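Everything below concerns the one structure shown next.
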Amino acid sequence: MLVIAHHWLKMCSEKTGKAIPLLNQVEKIVQFENDLKQHFYYDKGNENFFICNYLSNEKYEDEYSMRILGVKGRKQADIAYFSERISPLVSDEIVICCFPSSDHRNILTGIRKIAQFIAQEKGIDGTDCLVRWKSREKSSYGGERNIQSHVQTMKVFQREKIVGKHVLLLDDVTTSGSSLRAGEQLLLEAGALYVTKLALGKTK
């Protein structure tokens, strides 16, 4: 979809010159996602990136999966590890958002700390934009794995931060892709230009 949009914007700019500012923005997004593809994996079906597989059945034996558990447990060493892997790829124009916990009271999550750490170096801190206002049962504990169950329990605040901007939406683990797609939907509806979705791990 992004490649198609880029193609038509380029044609429009060449013919009329009116779409040049938007074309420049889209070209930066295309370059960013191309850079991500050089470093991380891309799930074409869900249109999201992930750094490596999360082995849920071997999470206490697999070193990488244990790092993700460390993020969930807010361990500073693991938060720093992922921040340092993502930060060099981010530009100053990107708004860094994070997917909220299923528990609306759990605000200071490990993935939020990663997003804040990255935003201190580059980008714009958008960690207060996507908010869970009502708790839902975790998908890993039997909660529904559908977009609507997330959309109904989340809201977008601080919209001025994301309107017309490229957003990088971070999550710790993706399985079906529904949580990231729900976040993407809400951010786009709130005025974001484009949302790149990146998870630390994809359940295998």
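Numbering starts at 1 and runs along the sequence shown. Note that the structure is predicted; figures quoted are calculated from it, not measured.
With sequence neighbours left out, the side chain to side chain donor-acceptor pair (under 3.5 Å) criterion links T174 to no other residue. Listed by chain and residue number, nothing satisfies the ring-ring contact (aromatic ring centres under 6.0 Å, His included) test with Y81 (two or more places apart in sequence, or in another chain). Taking the side chain to side chain donor-acceptor pair (under 3.5 Å) definition, one finds that D172 meets it with K72, sequence neighbours left out. By the ring-ring contact (aromatic ring centres under 6.0 Å, His included) test, Y64 pairs with F82, sequence neighbours left out.
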If you apply the rule side chain to side chain contact (heavy atoms under 4.5 Å, CB included), what do you find for S178 with H150, and how did you get there?
CA-CA 8 Å; S178 61; H150 286 289; 4.3 Å; yes
Step-by-step side chain to side chain contact (heavy atoms under 4.5 Å, CB included) determination, F157 to D128
CA-CA 7 Å; F157 293 90; D128 54 354; over 6 Å; no
Quick one, Q31 with D35, criterion side chain to side chain donor-acceptor pair (under 3.5 Å). Give me CA distance, side-chain angles, the key distance, then yes/no.
CA-CA 6 Å; Q31 184 58 57; D35 289 344; 2.9 Å; yes
Quick one: do V30 and E27 satisfy side chain to side chain contact (heavy atoms under 4.5 Å, CB included)? Show the steps, please.
CA-CA 5 Å; V30 170; E27 284 182 338; 5.6 Å; no
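Rounding to the nearest 0.5 Å gives a distance of 10.5 Å between OH of Y42 and CG of L36. K165 contributes atom NZ, which lies 10.0 Å from atom SG of C129 (distance to the nearest 0.5 angstrom). Atoms CZ and CD1, on R67 and I79 in that order, are 12.0 Å from each other to the nearest 0.5 Å. Considering OG1 of T109 and CG of D103, their distance stands at 11.0 Å, rounded to 0.5 Å. A distance of 10.5 Å separates CD1 of I147 from CG of L180, quoted to the nearest 0.5 Å. The distance from atom CD1 of I94 to atom OH of Y194, rounded to the nearest 0.5 Å, is 11.5 Å.
I111 and V156 fall into different hydrophobic clusters, where Ile, Leu, Val, Met, Phe, Trp and Tyr are joined by side-chain heavy atoms under 4.5 Å apart, directly or via other members. Under the 4.5 Å side-chain contact rule for hydrophobic residues, V173 and L55 do not share a cluster. Both L168 and F40 are part of a single hydrophobic cluster, where members link through side-chain heavy atoms under 4.5 Å apart. The same ILVMFWY cluster, assembled from side-chain heavy atoms under 4.5 Å apart, contains both V71 and I86. Grouping the Ile, Leu, Val, Met, Phe, Trp and Tyr side chains by contacts below 4.5 angstrom, directly or via other members, places I68 apart from M66.
When all heavy atoms of I96 and A119 are compared, the pair lying nearest together is CG1-CB, 4.3 Å. Residues A190 and V163 come closest through the heavy atom pair O-CG2, 3.7 Å. Heavy-atom minimum distance, L169 versus C98: CD1-C, 3.7 Å. Between S135 and H104, the shortest heavy-atom distance links the atoms OG-ND1, 2.7 Å. The two atoms that bring M154 and F99 nearest to each other are CE-CE1, 3.7 Å, heavy atoms only. Closest of all the heavy-atom pairs between L187 and C97 is CD2-SG, 4.4 Å.
N46 places no side-chain N or O within donor-acceptor distance of the main-chain N or O of N48, the cut-off being under 3.5 Å. Between the side chain of T127 and the backbone N or O of R112, no donor-acceptor pair lies under 3.5 Å. Q25 places a side-chain N or O within donor-acceptor distance of the main-chain N or O of G164, the cut-off being under 3.5 Å. Checking side-chain atoms of S83 against main-chain N and O of I118 turns up no donor-acceptor pair under 3.5 Å.
Around the OH atom of Y41, the shell of radius 6.0 Å holds no more than 12 heavy atoms that belong to other residues, nucleotides or ligands.
Checked options R136, R132, Q148; the residue passing with T153 is R132 (criterion: side-chain hydrogen bond (donor to acceptor under 3.5 Å, both in side chains)).
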Without placing hydrogens or testing angles, list every side-chain donor-acceptor pair under 3.5 Å for residues 196-204, not counting sequence neighbours.
{"unit_1": "T196", "atom_1": "OG1", "unit_2": "E33", "atom_2": "OE2", "d": "2.8"}
{"unit_1": "T196", "atom_1": "OG1", "unit_2": "H166", "atom_2": "NE2", "d": "2.8"}
{"unit_1": "K197", "atom_1": "NZ", "unit_2": "E47", "atom_2": "O", "d": "2.9"}
{"unit_1": "K197", "atom_1": "NZ", "unit_2": "E184", "atom_2": "OE1", "d": "3.3"}
{"unit_1": "K197", "atom_1": "NZ", "unit_2": "E184", "atom_2": "OE2", "d": "3.3"}
{"unit_1": "T203", "atom_1": "OG1", "unit_2": "T175", "atom_2": "OG1", "d": "2.8"}

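With a 4.5 Å cut-off on side-chain heavy atoms, L69 and Y54 count as touching. Within the 4.5 Å cutoff, no side-chain heavy atoms of P100 are placed close to those of V131. Considering only heavy atoms from C-beta on, H39 stays 4.5 Å or farther from F49 through its side chain.
Among residue pairs with one or both ends in residues 86-95, those qualifying as salt bridge (charged side-chain N to carboxylate O under 4.0 Å, His left out) are K28-E93; sequence neighbours excluded.
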